[in-house]
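Report on the following structure.
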Amino acid sequence: MVNPGPDGAAMFKILRGAVGDAVGPRVGTLSLPGRRPIDTPGFIGITARGVVPHVTPDNVTNKSDLGGVYIALEDFPPLLEIKSGDVNPLHAFTATPSHMVTVLAARRHPAINSPLGNSKEAISIYTSTGFQMLTNEAYLGIVKATKPDVVIPIGDMTYCDTSIAASSKRRVNVNSSKRHLRMVERTEDWLAQFLEGSASVSVDGDDKAAAANGQSKGQENADPAVFAPLLPVSYATQWDYFNRLEQDHASKLSGLAVYDVDVLPELENHRLLISLPRLSLHYTTTPQEILRQVHLGIDVFTVSFLNSISDAGIALSFTFPPPPSSVSSSILPLGIDMWSPSHAVAVSPLVPGCPCYACTSHHRAFIHHLLNAKEMLGWTLLQLHNHHIISAFFAGIRASLNASSSTSASTFEEDCDRFNRMYDSEFPKGTGTRPRARGYNFKSQGGDDRMNPPGWEKYGNGGDPAEMAGLAVTGARAEGGMETPLVPDGDAGELDGKGFVEVARA
């Protein structure tokens, strides 16, 4: 299903790449019918409930350079029954701007580990109503109804939040070799079924709908571009799966969805797969990891850390290529903790010289105040700034690759070496509270600590209830003395003898 671009050319055009059939960094353009082309290496936004967290679709259009979004099916249980007659049902349902590419997959990125596990016929997805099983047939029906620009067929993968390699900070799968083989076999069968079912996609009544949206019928009838998943297991385990992709399905594929970039060097053994665009679904935690993936040949990225960094109140501050070493002799931070009290009276932009909306219209003190006041605008401004920093980061990568000679990538490699030397290897920790937890923030198992401390505490933990309630304490208690009890200890006769009461006698 290699769809042509708007001008009839190939969907993915490589402008500068590795020599021969080698796998390495490359510059290109990804063009889908009716959408704005995406320069590669580049990135697409990760959505929550169909939108970039904290940013409305109009601000995504006016104040960012995003060319596409990654949308997870498990975010939208209603999609399981969607029967829309719109020209672009997924765009209309999520209010995604018309120029942006939509990438539909079954699971979020990063995905939450499922305690149910996958079966031979279905995978387990985490919806707002709990875990559900999604069959390949049901997923194909949803793809036909929603018409995304790019679709990633389901794969048999398990996810683990606790097994993260300390050296790379990457999420890994810890399964037996038998489980790995079963993952490959199921994914191979599901992909074949998906491609066979996709061939029968037909759209009725497109002439009138396409004309209303200024598109040709050919553009509107284009099938979704299929990006085959490359599993997070060793190449030796999925070697036969790679052969099947090349020999049986290469002509029906538009790209590759890479869940583990360490298998990319092995694409040299599969010539027909080398020219396909590669979408990274590899878990990343730092820009250094992005540079490593670019070096391995990734074209389009889903930046895993971007939304969580904004939620933590961190303003990104790195650039690529890095500044000259003469500017600073110390290790530079990758971001700035905007919760720090040092920003309370700072009227400087987040990053000096940054042209984003947050830096040109507001200052650090204002954003610091918004975060402390728990105003959503604070996280909105951080999202706009951080997306701009990532866009500029990829623009710098493309410029560095273009500056490299046709026979070597020395300029890019030198810039990467300087970046690794000048910047810290980890992001700073946000010291404040995050925004209200959304559905995809919750864990699938019990016993996990809460992301934010509770907003209310139970009274009666040893203190005076009145003081804990913020009430003024007066009288004997305030002076530390004994207070007269509300119910006297003595009987009526004793009180009468002391003159406190007068007992009525018949």
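Since this is a predicted model, take the numbers as computed values, not measurements.
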- Could I get the full list of side chain to side chain contact (heavy atoms under 4.5 Å, CB included) partners for His369, not counting sequence neighbours? Ala373
- Looking at residues at least two apart in the chain, or sitting in another chain, which of them share a side chain to side chain contact (heavy atoms under 4.5 Å, CB included) with Ala346? Ser348, Arg364
- Message: Is it the case that the side chains of Asp415 and Ser400 hold a donor-acceptor pair, with the cut-off being a distance below 3.5 Å and no angle test?
- Response: yes
- Check the side chains of Thr187 and Asp156 for a donor-acceptor pair under 3.5 angstrom, ignoring hydrogens and angles. no
- Item | Any Leu230 side-chain heavy atom under 4.5 Å of Leu245 side chain | yes
- Item | Contact check, side chains of Leu140 and Lys144, non-hydrogen atoms, under 4.5 Å | yes
- In sequence, state the C-alpha distance, the side-chain angles, and the governing distance for Phe393 and Phe43, and then conclude on ring-ring contact (aromatic ring centres under 6.0 Å, His included). CA-CA 10 Å; Phe393 178 72; Phe43 80 108; 9.6 Å; no
- Query: Hey, does the side chain of His91 reach the backbone of Thr96 with a donor-acceptor pair shorter than 3.5 angstrom?
  - Reply: no
- Any donor-acceptor N/O pair, Thr380 side chain to His54 backbone, under 3.5 Å: yes
- Message: I'd like to know whether Tyr357 forms a ring-ring contact (aromatic ring centres under 6.0 Å, His included) with His362, so could you lay out the CA-CA distance, the side-chain angles of the two residues, the decisive distance to 0.1 Å, and finally the verdict.
- Response: CA-CA 8 Å; Tyr357 172 78; His362 304 286; 5.7 Å; yes
- Item | Side-chain heavy atoms of His385 within contact of Cys354, under 4.5 Å | yes
- Can you name the one residue among Leu276, Thr40, Leu32, Thr29 that meets side chain to side chain contact (heavy atoms under 4.5 Å, CB included) with Phe12? Thr40
- List in chain and number order the residues that pass side chain to side chain contact (heavy atoms under 4.5 Å, CB included) with Val233, two or more places apart in sequence or in another chain; answer none if no residue qualifies. His180, Met183, Val184, Leu231, Thr237, Gln238
- Should Phe301 and Thr284 count as side-chain neighbours, where that means a heavy-atom distance under 4.5 Å? no
- Message: Can you confirm whether the side chains of Ser304 and His109 place a donor and an acceptor under 3.5 Å from each other?
- Response: yes
- Query: Just by distance, with hydrogens left out, do Ser64 and His387 show a side-chain donor and acceptor under 3.5 Å apart?
  - Reply: no
- Query: Aromatic rings Phe131 and Tyr126: how do their planes relate, parallel, tilted or perpendicular, breaks at 30° and 60°?
  - Reply: parallel
- In a check of side-chain hydrogen bond (donor to acceptor under 3.5 Å, both in side chains) between Asp299 and each of Gln293, Arg278, Arg26, which one passes? Arg26
- Task: Examine the side chains of Ser340 and Asp337 and answer whether a donor and an acceptor come within less than 3.5 Å of each other.
- Result: no
- Message: What's the separation between atom OG in Ser425 and atom CG in Leu334, rounded to the nearest 0.5 Å?
- Response: 8.0 Å
- Query: Side chains of Ile290 and Phe305: does their closest heavy-atom pair fall under 4.5 Å?
  - Reply: yes
- Short side-chain to backbone donor-acceptor contact, Thr135 and Ala122, under 3.5 Å: no
- Message: Do Leu90 and Pro148 have side chains that approach each other closer than 4.5 Å (heavy atoms only, starting at C-beta)?
- Response: yes
- Message: Main chain of Tyr70, side chain of Thr47: is a donor-acceptor contact present, judged purely on distance under 3.5 Å?
- Response: yes
- Query: Roughly how far, to the nearest 0.5 Å, is the NE2 atom of His249 from the OH atom of Tyr241?
  - Reply: 8.0 Å
